Number of protein chains: 2
Amino acid sequence: MRVLIVEDEPALAFQLQRLLESGGFAVDVAYDGEDGWHLGDTEPYDAVVLDLGLPKLDGVSVLGRWREAGHTMPVLILTARSRWSDKMAGFNAGADDYLTKPFEMEEVLYRLRALIRRASGHAQPELACGPLRLDTNSGRVGLDGVPVQLTAQEFRILAYLMHHPGKVVSRTELMEHVYDRLFDPDSNSLEVLIGRLRRKIGPERIETIRGQGYRLAGPEAG
Amino acid sequence: MRVLIVEDEPALAFQLQRLLESGGFAVDVAYDGEDGWHLGDTEPYDAVVLDLGLPKLDGVSVLGRWREAGHTMPVLILTARSRWSDKMAGFNAGADDYLTKPFEMEEVLYRLRALIRRASGHAQPELACGPLRLDTNSGRVGLDGVPVQLTAQEFRILAYLMHHPGKVVSRTELMEHVYDRLFDPDSNSLEVLIGRLRRKIGPERIETIRGQGYRLAGPEAG
DNA sequence: CGGGCCGCTCAGCCCACGTTCAGGTTGGCG
DNA sequence: CGCCAACCTGAACGTGGGCTGAGCGGCCCG
């Protein structure tokens, strides 16, 4: 899962970045409203963490423009200690959740995961697909009940696929959601990782549709 | 475990600090309500000892603001000889326990430990996790029934992990709860301590999740 | 004042992880 | 049947995160 952080305060931005990366996300950061808006407009993020007090273009406007342009990714608003006006304006502009500073870092992780989950239509934090289980919070994966040890990247790939079971996911789509913006699109490391994943969870679970992408085999339907 | 003392009377503050440190806690002290509030607002304490009669900002207000901001750490109130109004106000503001002066020093330790235990969802003062036993009161640790000799820091680390068995605890989270505020976050002393701890309780008990943190192996169940 | 224990620092080592690369394999198509 | 593109895979590598042994200084206690 790939997220965008829009936060002007460098210390907090960095802290958030570390948090989310250690939480298993691919992360891009923007330090003002304009950059933030542009990134969110052009890159396919699974969620955004958006501060309201921003230079150049304030958070509410950023959000408003995104929504106007038809972007539907979930947005988690950060705002200074409960200022009602901000909060309301945020929701009106299309925020999905908000946190007032100061907040527990952990809280951000949980809320983000919940947002992403809901946005892809899953109620439970634990995704299931055939014999596969994936807990988005603890980051654990099980196959037929036995735990499977995955690396960070393997986990991201599997998580994205499990958020869209049965759907054909193109290589580029997968790369865009698993890597951050600096990644070289000509690399074949994704294929290598897919291979390793297959070895761990059984080759038949991830099906290759030649010329189109990959599909996670669902519980025989669809 | 890391606690905050908010107490304006220097002698008592110092006495409490020594007591809690010798009791195995990492301790910060604030001498007035404003400092106290700010520390409790920004640092992740496992519990707070809060005097009600404070300069600048009284205890009830401090507590009230914390709760308003969403902080849920347990708070043990200290108050001059049973003044009902204070006591009631304290509970209303979200206190978890209280002691009236004068009190036995030991009493503070026991109450604090009980509060922390309950806050992390443990009913018993003795934590168990696989072959590991840890008595939060006596500070004794056993592995398969045989006592294990731990140093103060080793004990704190293990105690924190055992309060959250199975959870992945990031290096920073661990540091925040095991050291006080003056600690250098770039130090690797935690790793050294983890290493020693592993040598004493068996390396496989503490699992490293690369890039994320440590996890105490539970009694085989998610 | 001396000795021992404890915790911290530092530097070097090790190894997991992501990546690259060089073939090998598969499948579509003329 | 042959060719080409898409895809897979085993091996090797560089990097950085994590581990550890050695040494130091501070503190406590005799």
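Per chain, numbering begins at 1; letters A, B, ... match sequence-line order. Every value quoted in this text rests on a predicted model; they were computed, and no experiment measured them.
Within a 6.0 Å sphere centred on CD of Glu204(B), heavy atoms belonging to other residues, nucleotides or ligands number more than 12.
Here the side chain of Asp96(A) pairs a donor or acceptor atom with the backbone of Val75(A) at under 3.5 angstrom. Using modelled atom types, one side-chain atom of Arg198(A) and one backbone atom of Ile206(A) make a donor-acceptor pair closer than 3.5 Å.
Within the structure, a side-chain polar atom (N or O) of Tyr214(B) is placed less than 4.0 Å from OP1 or OP2 of dC19(D). In this structure, Thr208(B) reaches the dC19(D) phosphate: one of its side-chain N or O atoms is under 4.0 Å from OP1 or OP2. The phosphate of dT15(D) has neither OP1 nor OP2 within less than 4.0 Å of any side-chain N or O from Arg210(B). Between dG10(D) and Arg196(A), no contact under 4.0 Å exists linking OP1 or OP2 to a side-chain N or O. For dC7(D), the OP1/OP2 oxygens have a side-chain nitrogen or oxygen of Arg171(A) closer than 4.0 Å.
Closest heavy-atom contact between Leu197(A) and Leu150(A): CD2-CD2, 4.1 Å. Nearest heavy-atom pair, Tyr179(A) versus Ala26(A), reported as atom, atom and distance to 0.1 Å: C-CB, 3.8 Å. The two residues Gly23(B) and Leu109(B) have their closest heavy-atom pair at CA-CD2, 4.2 Å.
Taking every heavy atom of residues 10-19 of chain B and every atom of DNA chain D, no pair lies under 4.0 Å.
Using a 4.0 Å heavy-atom criterion, one finds that Thr151(A) contacts the sugar-phosphate atoms exclusively.
Distance Ile206(B) CD1 to dT20(D) C1': 15 Å, rounded to the nearest Å. Rounded to whole Å, the distance from CG on Asn188(B) to P on dC19(D) is 10 Å. Atom C1' of nucleotide dC7(D) and atom CD of Glu207(A) are separated by 15 Å, given to the nearest angstrom. Going from atom CD of Gln153(B) over to atom C1' of dC27(D) covers 14 Å, rounded to whole Å. When rounded to the nearest whole Å, the span between CZ of Arg199(A) and P of dT9(D) equals 7 Å.
Across the interface with DNA chain C, nearest-nucleotide mapping of Leu190(B) and Tyr179(A) shows Leu190(B) to be the residue nearer the 5′ end. With DNA chain C read from its 5' end, the first of the two nearest nucleotides for Leu150(B) and Val192(A) is the one closest to Leu150(B).
Identified under the ring pair (Phe, Tyr, Trp, His ring centres under 6.0 Å) test for residues 184-214 of chain B, with sequence neighbours left out: none.
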Inset, instruction - Would you please test Arg18(A) and Ser170(B) for side-chain hydrogen bond (donor to acceptor under 3.5 Å, both in side chains) and show each step? - result: CA-CA 11 Å; Arg18(A) 270 197 331 180; Ser170(B) 75; over 6 Å; no

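Here Glu154(B) pairs with Lys200(B) in a salt bridge; the nearest charged N to carboxylate O distance falls below 4.0 Å.
Close approach of DNA chain C to chain A, defined as any atom under 4.0 Å from a non-hydrogen atom of the protein, starts and stops at dC17(C) to dG27(C).
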